[in-house]
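Okay, structure first, notes after.
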Amino acid sequence: MAVALTVPFQAAGKLLLDFALPARCPGCGEVIEEVGAFCASCWSQLEWLGNAGCNRCGLPLAGTEIEICGKCLSEPPNLDRMRAAVAYDELPRSIALKLKYGRKVALARTMARYMAPLGGDWPEDAIVVPVPLHRWRLWGRGFNQSALVARELARLWRLRADMTALRRVKRTRPLKGLNYVQRRKAVAGAFRATSKFDGRSVILIDDVLTSGSTAEACSRALRRAGAGRVELICWARVVRPSQLMR
């Protein structure tokens, strides 16, 4: 009886909260009906990638019937599977930056909402691991944006998350503006696993995939620590080479 009596008050409280703090589009700030959703205008600007594309790296393969792209055939990546919710462009970039530098931490839940469908058929003992920040950058920013997203995804996938499974032991310079070779050299030896994985699958979480050099370096560290299958799930990925240098 007591529970039944509280339901109307909870509903009224939600209505008051929605009136005082209405849901807003994470892209443009327009008032919308559902928290974490996008308005029609912003939705139309997003290029959703989903589970299509190359079976290995997820690169779009429009107009072809091949299952694995030429790059993955010639240079197989260290990661078993890479997937991103959307293609990297102005809107996805602004959302990632609002989370990372604007401290809009609620956007981690929004990003996770659209990344969650990219989940695979993982065993129950698979572990969700975020790409780590170096301690100096973590202290300066106050949080790791990838860890916020990873925690939410682990909840949605009902898997265990380990926020300290990887450490960034080498402070690297910002990768913006570097080409693939320069990025790979910059992150070489930058990551170290803190525990053994004994063949378990690891789902690596990051916000943006550019050249893949950071994810590859993380994967090498995880495999040295005994990880079996290593996959990457991220919010946005660069699909146009011209965006790599931005």
Side-chain angles (χ1 to χ4, degrees), residues 46-89 91-93 95-96 111-112 114-123 126-132 145-146 149-150 153 157 159 166 172 175-188 190-191 193 197 200-224 227-246:
L46 294 165
E47 182 182 346
W48 299 98
L49 298 178
N51 279 305
C54 172
N55 286 349
R56 195 71 182 265
C57 72
L59 189 72
L61 298 172
T64 69
E65 295 182 359
I66 61 175
E67 295 183 348
I68 300 179
C69 72
K71 189 175 188 307
C72 287
L73 287 172
S74 61
E75 300 178 48
N78 201 273
L79 291 135
D80 294 289
R81 178 174 174 262
M82 291 176 270
R83 288 294 181 271
V86 296
Y88 182 84
D89 214 332
L91 183 54
R93 175 177 178 272
I95 291 172
M111 292 160 68
Y114 297 103
M115 293 163 63
L118 304 175
D121 186 18
W122 298 312
I127 304 172
V128 179
V129 175
V131 171
Q145 72 281 355
S146 296
V149 178
L153 282 170
W157 290 331
L159 294 175
L166 268 180
T172 58
L175 302 183
K176 182 179 179 180
L178 303 183
N179 61 34
Y180 175 74
V181 174
Q182 292 170 327
R183 287 168 181 255
R184 185 168 183 173
K185 184 179 292 187
V187 297
F191 301 96
F197 293 94
R200 284 175 292 182
S201 296
V202 176
I203 303 98
L204 195 62
I205 305 299
D206 206 358
D207 53 354
V208 176
L209 171 65
T210 49
S211 68
S213 55
T214 296
E216 288 275 310
C218 288
S219 179
R220 285 191 289 272
L222 291 167
R223 291 194 190 278
R224 284 196 295 269
R229 187 174 178 85
V230 181
E231 300 188 20
L232 171 74
I233 306 293
C234 60
W235 159 243
R237 69 162 296 158
V238 169
V239 296
R240 300 171 184 85
S242 60
Q243 295 174 319
L244 181 62
M245 302 298 287
R246 294 174 59 179

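To the nearest 0.5 Å, atom CG of residue Leu166 and atom OG of residue Ser219 are 9.5 Å apart. Atom CZ of Arg237 sits about 5.0 Å away from atom CG of Leu59, to the nearest 0.5 Å. Distance check: Ser146 OG to Asp206 CG gives 4.0 Å after rounding to the nearest 0.5 Å. Of the inter-residue distances, the one linking Arg229 atom CZ with Leu79 atom CG reads 10.0 Å to the nearest 0.5 angstrom. Taken to the nearest 0.5 Å, the CD atom of Glu216 stands 9.0 Å off from the OG atom of Ser211. For the atom pair CZ (Arg220) and CZ (Arg224), the distance works out to 7.5 Å, reported to the nearest 0.5 Å.
With sequence neighbours left out, the side-chain contact (heavy atoms from CB on, under 4.5 Å) criterion links Ala227 to Phe197, Val202, Leu222, Val230. Listed by chain and residue number, nothing satisfies the side-chain hydrogen bond (donor to acceptor under 3.5 Å, both in side chains) test with Trp157 (two or more places apart in sequence, or in another chain). For Ala126, the side-chain contact (heavy atoms from CB on, under 4.5 Å) partners are Trp122, Pro123, Leu159, Ser201, Ile203, not counting sequence neighbours. Residues satisfying the side-chain contact (heavy atoms from CB on, under 4.5 Å) test with Pro76, not counting sequence neighbours, are Arg56. Under the rule for a side-chain hydrogen bond (donor to acceptor under 3.5 Å, both in side chains), the partners of Arg81 that lie at least two apart in sequence or sit in another chain are Asn51, Glu231. Applying the side-chain hydrogen bond (donor to acceptor under 3.5 Å, both in side chains) rule to Arg223 yields the partners Asn78, Asp80; only residues at least two apart in sequence or on another chain are considered. Applying the salt bridge (charged side-chain N to carboxylate O under 4.0 Å, His left out) criterion to Asp207, with sequence neighbours excluded, gives Lys100. For the salt bridge (charged side-chain N to carboxylate O under 4.0 Å, His left out) test, residues two or more places apart in sequence or in another chain that qualify with Glu47 are Arg240. Looking at residues two or more places apart in sequence or on another chain, you find a side-chain contact (heavy atoms from CB on, under 4.5 Å) between Leu73 and Ile68.
If you run side-chain contact (heavy atoms from CB on, under 4.5 Å) between Ile233 and each of Val149, Leu204, Leu118, only Leu118 comes through.
Nearest approach of Met115 to Ala85, heavy atoms of both residues: CG-CB, 4.2 Å. Residues Cys72 and Pro77 come closest through the heavy atom pair SG-CD, 3.9 Å. Residues Cys54 and Cys57 come closest through the heavy atom pair SG-N, 3.5 Å. Of all the heavy atoms in Trp235 and Pro92, the pair that sits closest is NE1-O, 3.2 Å. In plain terms, the two heavy atoms of Ala150 and Val128 that are nearest each other are O-CG1, 3.7 Å.
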Item to check | Working for side chain to side chain contact (heavy atoms under 4.5 Å, CB included), residues Val239 and Tyr88 | outcome: CA-CA 7 Å; Val239 296; Tyr88 182 84; over 6 Å; no
Checklist entry - Given Tyr114 and Leu46, is the side chain to side chain contact (heavy atoms under 4.5 Å, CB included) satisfied, shown in steps? => result CA-CA 12 Å; Tyr114 297 103; Leu46 294 165; over 6 Å; no
